[in-house]
Enquirer: 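Just passing along the structure, written as structure tokens.
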Amino acid sequence: APLVGMGFDRELALAALEKNGDDVNEAANWLLSGQGEAWWRAGGREADKAAAHAKEGGGSRQSEAQDLASVVGMPPELCYEALLALGDDKARTVNWLIDRGAVYMDGLVPSSESADGEDGSGGGGGG
């Protein structure tokens, strides 16, 4: 109920808890990051069922996500979710991934990988 008290829809709050192992803090982070809203707009539970079904049958969205991942340099999981949210429109998905995908990558890439070779730590440089 704390998530509902924060103003989130009851069903969305329950889904957040499900997706985050009943951890209220992780569920709140998921909701506040915008992932919950994106999941909801992408079809919510029905989309999850369709994704699970496609995964079982090696659906074409999965292979397209792999292709997009190699093109835009983003995790396949993010590409898959973006394809799902944008109705499998590749052009819109690529644009979205380029414009906004990096914001969502932090939750998908383990910290050891993000530190491995990226020099994003510090150097204010300035121009």
Enquirer: Of all heavy-atom pairs between Ser63 and Ser60, which one has the smallest distance, and what is that distance?
Expert: OG-O, 2.9 Å

Enquirer: Can you sort out the partners of Trp30 under ring-ring contact (aromatic ring centres under 6.0 Å, His included), two or more places apart, ordered by chain and number?
Expert: Trp39

Enquirer: If we only count heavy atoms from C-beta on, is the Leu17 to Leu3 side-chain gap below 4.5 Å?
Expert: yes

Enquirer: Using the side-chain contact (heavy atoms from CB on, under 4.5 Å) rule, take Val94 and Val72 through it: C-alpha gap first, then chi angles, then the decisive distance, then the call.
Expert: CA-CA 7 Å; Val94 168; Val72 297; 4.2 Å; yes

Enquirer: Grab the two heavy atoms, one from Leu97 and one from Ala82, that are nearest each other, plus how far apart they are.
Expert: CD2-CB, 4.0 Å

Enquirer: Rounded to the nearest 0.5 Å, what separation is found between the CZ atom of Arg100 and the CG atom of Asn95?
Expert: 10.5 Å

Enquirer: Hey, could you give me the CD/CD distance between Glu77 and Gln66, rounded to the nearest 0.5 Å?
Expert: 8.0 Å

Enquirer: So Asp9 and Trp40, do their side chains get closer than 4.5 Å, heavy atoms only?
Expert: yes

Enquirer: Which heavy atom of Ala13 sits nearest to which heavy atom of Leu31, and what is that distance?
Expert: CA-CD1, 4.4 Å

Enquirer: Checking side chain to side chain contact (heavy atoms under 4.5 Å, CB included) against Leu83, which of Arg92, Glu64, Gln62 comes through?
Expert: Glu64

Enquirer: Any idea which heavy atoms bring Met74 and Ala69 closest together, and the distance?
Expert: O-CB, 3.1 Å

Enquirer: Decide yes or no for Phe8 and Leu32: does some side-chain heavy atom of the first lie under 4.5 Å from some side-chain heavy atom of the second?
Expert: yes

Enquirer: Of all residues at least two apart in sequence or in a different chain, which pass the salt bridge (Lys or Arg N to Asp or Glu O under 4.0 Å) check with Asp88?
Expert: Arg61

Enquirer: Taking a hydrophobic cluster as the set of Ile, Leu, Val, Met, Phe, Trp and Tyr residues connected by side-chain heavy atoms closer than 4.5 Å, whether directly or through intermediates, do Ile98 and Leu78 fall within one such cluster?
Expert: yes

Enquirer: Distance from Lys19 atom NZ to Leu12 atom CG, nearest 0.5 Å?
Expert: 10.5 Å

Enquirer: For Ala85, give me all partners under side-chain contact (heavy atoms from CB on, under 4.5 Å), at least two apart in sequence or on another chain.
Expert: Ala42

Enquirer: Under a 4.5 Å cut-off applied to non-hydrogen side-chain atoms, are Cys79 and Thr93 in contact?
Expert: no

Enquirer: Would you confirm whether Asn20, through its side chain, and Asp23, through its main-chain N or O, come within 3.5 Å as a donor-acceptor pair?
Expert: no

